[in-house]
Colleague: 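Here's a structure for you.
Numbers for residues simply follow the sequence, beginning at 1. As the structure lists them, so they are numbered: ligands from 1, and atoms in each ligand from 1.
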Amino acid sequence: MEETTNETEVAASSKSAKITVGIDLGTCRTAIMSDRGAKLLARSVVGYPKDIISEKMVGKGPIFGQEAMEKRNFLDLCYPLADGVIREASERDYKAAYELLGHLVELAKKGEDVEVCGIIGVPACASIMNKELLLTIAEKFMSKALVVSEPFMVAYKLGNLTNCIVIDIGAGTVDICGMKGTVPIADDQVTFLKGGDYIDERLAQSISRHYPGVQVTGSVACAIKEEFASVDGSKKAVVTLRHEGKPAEFDVTDDVNAVCESIVPDICEHIENLIQKFDPADQAATLKNIILAGGGSRITGLADMIVEHLGEYGEVQVTAVDDPEFIGCAGALKLATEIPEEMWSQIGVMFDPES
Ligand SMILES: Nc1ncnc2c1ncn2[C@@H]1O[C@H](COP(=O)(O)OP(=O)(O)O)[C@@H](O)[C@H]1O
Ligand SMILES: [Mg+2]
């Protein structure tokens with residue numbers, strides 16, 4: 001009897017000594033979830049006070065996420081994850097990525113002194129160098145970490161691992177990945193740069209051309225897009241903008257639609273290329289199993305428009321995921337808890353002090 005109690009205690013204490021996390025490291029937002037119920041989302045931005053006066057106002061910093069955006073007048077903002085992975089990182093990017101990841105891992109620990117292990121999702125085509133750079137950062141906070149491709153995590157979460165194509169429309173990149181029942185290889189994945197940032201930039205240009213004298217910054221365009229993005233004209237976008245400094249209303253529905261639509265041909269071309277790499281016997285099933293994820297999957301009418309573009313291919317079904325903010329991160333956590341740690345090295349690039 002006593003022995004059983006001891007065993008339970010040992011089990012409980014070893015359980016409490018370690019948490020498992022899933023992390024989705026995005027250009028725009030980073031999400032983290034733990035096996036103890038932590039669930040956090042932050043803008044992937046780190047702010048440092050500009051000077052001694054700013055420091056007096058906001059403290060030494062660093063300041064993270066939304067708070068950094070709100071206090072941006074006082075801060076130098078650093079977006080460490082350009083194009084979804086740490087770009088040819090400058091010292092500053094590296095430091096900011098390090099601080100951002102450390103901050104989120106700390107929050108996920110909820111003040112407990114525990115060991116952290118977990119899986120980090122990055123864009124499908126992140127180079128080995130970028131993955132390794134990321135791991136050198138992760139090893140500062142985590143006892144064991146694995147880096148895997150993000151669309152794979154989405155597919156894993158959905159339990160949709162074969163005859164499936166995942167399209168992840170993020171801020172920096174669109175990642176498209178064919179799932180064939182195994183961990184995807186480079187040949188099954190493609191990344192291109194027409195993500196949300198591209199849409200914002202094009203939308204700002206389009207509105208300025210349409211209404212000369214109207215001032216539209218990238219962040220205003222982004223806010224308009226997030227509210228009205230559609231490709232079927234179903235959302236009428238009448239917004240207040242400044243014309244030569246004075247506020248006035250403008251109908252930008254056509255601009256929003258045209259710019260959102262402009263990413264569809266590239267997406268379809270990449271689907272067409274990927275589909276040919278599936279066994280011909282599986283192609284019909286795969287075309288009926290196309291998944292849209294990432295923030296850009298919220299563009300109204302996008303799934304139907306992709307179906308329409310692929311009209312020559314027979315029956316095509318495209319479905320947008322319910323929870324694009326957390327699905328990648330939830331997939332990473334699911335993978336981390338379901339696959340024994342000793343097998344992790346088979347599914348991605350990993351850091352493991354024991355190997
Ligand atoms: N309702 C929406 N319609 C269109 N785009 C959106 C919407 N909501 C968010 N986005 C865009 O999705 C992108 C962020 O997607 P996310 O998957 O979080 O990116 P990342 O993985 O690169 O961090 C941003 O460009 C954001 O503006
Ligand atoms: Mg993402």
Colleague: For Phe74, is the NZ or CZ atom of Lys50 found under 6.0 angstrom from the centre of its six-membered ring and inside 45 degrees of the ring axis?
Modeller: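 No cation-pi geometry.
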
Colleague: Take Asp35 and Thr337 through the side chain to side chain donor-acceptor pair (under 3.5 Å) test and state the conclusion after the steps.
Modeller: CA-CA 8 Å; Asp35 61 348; Thr337 48; over 6 Å; no

Colleague: Within the 4.0 Å heavy-atom shell around Gly26, which atoms of ligand 1 are there?
Modeller: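 Answer for ligand 1: 20 (P), 21 (O), 23 (O).
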
Colleague: May I ask whether Pro324 places a heavy atom under 4.0 Å from ligand 1?
Modeller: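 Judged by the 4.0 Å heavy-atom criterion, Pro324 does not count as contacting ligand 1.
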
Colleague: Regarding Gln283 and Tyr313, is there a side-chain donor-to-acceptor distance under 3.5 Å anywhere?
Modeller: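 Tyr313 and Gln283 do not have a side-chain donor-acceptor pair below 3.5 Å.
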
Colleague: Provide the number and element of each atom of ligand 1 under 4.0 Å from a heavy atom of Ala229.
Modeller: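 Close to Ala229: 3 (N), 4 (C).
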
Colleague: Can you confirm, on distance only, whether ligand 1 has an N/O atom lying under 3.5 Å from any N/O atom belonging to Asp200?
Modeller: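 The answer is no, given that Asp200 and ligand 1 share no N or O pair closer than 3.5 Å.
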
Colleague: Which is closest to atom 19 (O) of ligand 1 by heavy-atom distance: Ala171, Gly121, Gly295, Ser44?
Modeller: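 It is Ala171 whose heavy atom sits nearest to atom 19 (O) of ligand 1.
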
Colleague: Does Lys236 make a cation-pi contact with Phe228, if we ask for NZ or CZ under 6.0 Å from the ring centre and within 45° of the axis?
Modeller: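 So Lys236 doesn't make the cation-pi contact.
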
Colleague: Can you tell me which N/O/S atom of Glu150 has the shortest distance to the Mg ion (ligand 2)?
Modeller: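 Of all N, O or S atoms belonging to Glu150, OE2 is the one nearest the Mg ion (ligand 2).
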
Colleague: If you count the atoms of ligand 1 from 1 in the order shown, which ones are under 4.0 Å from a heavy atom of Gly294?
Modeller: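 Taking each heavy atom of Gly294 in turn, ligand 1 has 17 (O) under 4.0 Å.
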
Colleague: Need the ligand 1 atom indices (1-based, order shown) with element for anything under 4.0 Å from a heavy-atom of Gly196.
Modeller: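 Going through ligand 1 atom by atom, the ones under 4.0 Å from Gly196 are 25 (O).
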
Colleague: I'd like to check which ligand 1 atoms, numbered from 1 as shown, lie under 4.0 Å from a non-hydrogen atom of Ile299.
Modeller: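 Contacts of ligand 1 toward Ile299, numbered from 1: 4 (C).
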
Colleague: In plain terms, say whether Lys95 and Glu91 are close enough for a salt bridge, that is, a side-chain N and a carboxylate O under 4.0 Å apart.
Modeller: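 So Lys95 does not pair with Glu91 through a salt bridge.
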
Colleague: Give a yes or no on whether Asp24 keeps an N, O or S atom under 2.8 Å from the Mg ion (ligand 2).
Modeller: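 No, outside the cut-off.
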
Colleague: Classify the ring geometry of Phe64 against His103: parallel below 30°, tilted from 30° to 60°, perpendicular beyond 60°.
Modeller: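 The rings of Phe64 and His103 lie parallel, inter-plane angle below 30°.
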
Colleague: To check you understand the geometry: which heavy-atom pair defines the closest contact between Ile165 and Gly178, and what is its length?
Modeller: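 Shortest heavy-atom separation between Ile165 and Gly178 comes out as CG1-CA, 4.3 Å.
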
Colleague: Short list, please: which atoms of ligand 1 are under 4.0 Å from a heavy atom of Cys222?
Modeller: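 Those atoms are 27 (O).
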
Colleague: Is there a nitrogen or oxygen of Thr27 sitting under 3.5 Å from a nitrogen or oxygen of ligand 1?
Modeller: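 Between Thr27 and ligand 1, an N or O pair is found under 3.5 Å apart.
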
Colleague: Between ligand 1 and Asp24, is the shortest N or O to N or O distance under 3.5 Å?
Modeller: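 There is no such contact.
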
Colleague: Any chance you could lay out the ring-ring contact (aromatic ring centres under 6.0 Å, His included) test for Tyr211 and His243, step after step, and finish with the verdict?
Modeller: CA-CA 8 Å; Tyr211 298 111; His243 182 259; 8.7 Å; no

